[in-house]
Amino acid sequence: MNSFAERMLDYLMEVANGNLDVNLWIHIAVLGVLISVYVIKNTEIRSTLMKATVFLLLTSVAVHAFVYGNPVHFGTFAVVAASAAFQLVKRKSIIEWSKNPRNTMFSVTIMFLGFWYPKFVEVNALESLLYSPLGVVPCATLLMTLGLLTACYPSVSKVQYGITTLAALFYGTVGVFVFKVYFDISLLILVIYAAVNLLASVTKQRAALGGRIVEKARG
């Protein structure tokens, strides 16, 4: 393993184990939000809670990277967090859970893997349910955030979804093939699933556009 990869792994170990209290509070907050969106009936409040959760998780990774002096993580997550901030502040669109049971089941499984993520923290597998580096380490955070966006697809912003998918592709590829963290294969599976979703949306939009053009020509 080259020195760059070793430094990055050292960073992941340091930031994950140096913020166990943060890890715990993030778990509590995320669990609270996920419960709330099932209890709260107001669609605008539910939508805002989900958007805010994505933004805060991504921003948390960027802030920790800045504090610990990691420009790679800071730069990439600043961009992804900015796309989430735009959706939260500027766009008033409503996002809702997908009505596709298969999509929901897949997304919930992925979010659980992000919530549990048993890597880098020096705790046992059961304790990872409370102390995994969610909101601190990139791959765990992307499993949760892209999983949540996928659970709400196609009501989410396609631009934000695409940017988050690209970030997941980058970190999943590095995690598996450079760091040999094979748990990150789950992130690459999520990337493939997200890419299929995006491709289906583009195909549908083109078909709809083509139909309008034909109708206009006939009119």
Please check: side-chain N/O of Ser132 versus main-chain N/O of Phe115, any donor-acceptor pairing under 3.5 Å?
yes
Look at the side-chain heavy atoms of Ile, Leu, Val, Met, Phe, Trp and Tyr, link any pair under 4.5 Å apart, and say whether Val67 and Val121 land in one connected group.
no
Treating Thr203 as the side-chain partner and Leu199 as the backbone partner, does any N or O pair qualify as donor plus acceptor under 3.5 Å?
yes
Under 3.5 Å, is there a donor-acceptor pair between the side chain of Trp116 and the main chain of Ala125?
yes
Is the NZ or CZ atom of Lys158 both under 6.0 Å from the centre of the six-membered ring of Tyr153 and within 45° of that ring's axis?
yes
Assign the ring pair Phe106 / Tyr193 to parallel, tilted or perpendicular, where the plane angle (0 to 90°) is split at 30° and 60°.
parallel
Measuring only between side-chain heavy atoms, which start at C-beta, is Met144 closer than 4.5 Å to Phe112?
no
I'd like to know whether His73 forms a side-chain contact (heavy atoms from CB on, under 4.5 Å) with Leu12, so could you lay out the CA-CA distance, the side-chain angles of the two residues, the decisive distance to 0.1 Å, and finally the verdict.
CA-CA 10 Å; His73 291 346; Leu12 293 172; 3.9 Å; yes
Glu96 and Ser155: side chain donor to acceptor below 3.5 Å:
no
What verdict does the ring pair (Phe, Tyr, Trp, His ring centres under 6.0 Å) test give for Phe120 and Tyr11, after you've listed the backbone C-alpha separation in whole Å, the side-chain angles of each residue and the deciding distance to 0.1 Å?
CA-CA 10 Å; Phe120 303 121; Tyr11 162 80; 9.6 Å; no
Would the distance check show the side chain of Ser83 and the main-chain N or O of Gln160 forming a donor-acceptor pair, the cut-off being under 3.5 Å?
no
Once side-chain contact (heavy atoms from CB on, under 4.5 Å) is applied, do any residues pair with Phe74, and if so which ones, sequence neighbours excluded?
Ala62, Ala65, Phe66
Side chains of Thr76 and Tyr171: is there a donor and an acceptor less than 3.5 Å apart?
yes
Donor-acceptor pair, Asn124 side chain versus Glu127 backbone, under 3.5 Å?
yes
Between Asp21 and Tyr131, a side-chain donor and acceptor under 3.5 Å
no
Of all heavy-atom pairs linking Leu58 and Val80, the shortest is CD1-CG1, 3.5 Å
Find out whether Leu188 and Ile192 are in side-chain contact, i.e. whether some heavy atom of one side chain is under 4.5 Å from a heavy atom of the other.
no
Answer yes or no: is there a donor N or O on one side and an acceptor on the other, between the side chain of Asn17 and the main chain of Glu122, under 3.5 Å?
yes
Does any part of the side chain of Tyr68, heavy atoms only, come nearer than 4.5 Å to the side chain of Val63, both counted from C-beta?
no
Do Tyr117 and Asn23 have side chains that get closer than 4.5 Å, going by heavy atoms?
no
Quick check against the 3.5 Å criterion: does Ser47 have a side-chain atom that pairs as donor or acceptor with the backbone of Ile94?
no
Taking side chain as C-beta onward, heavy atoms only, is Val61 less than 4.5 Å from Val137?
no
Side-chain donor-acceptor pair present, Tyr161, Ser201, cut-off under 3.5 Å
no
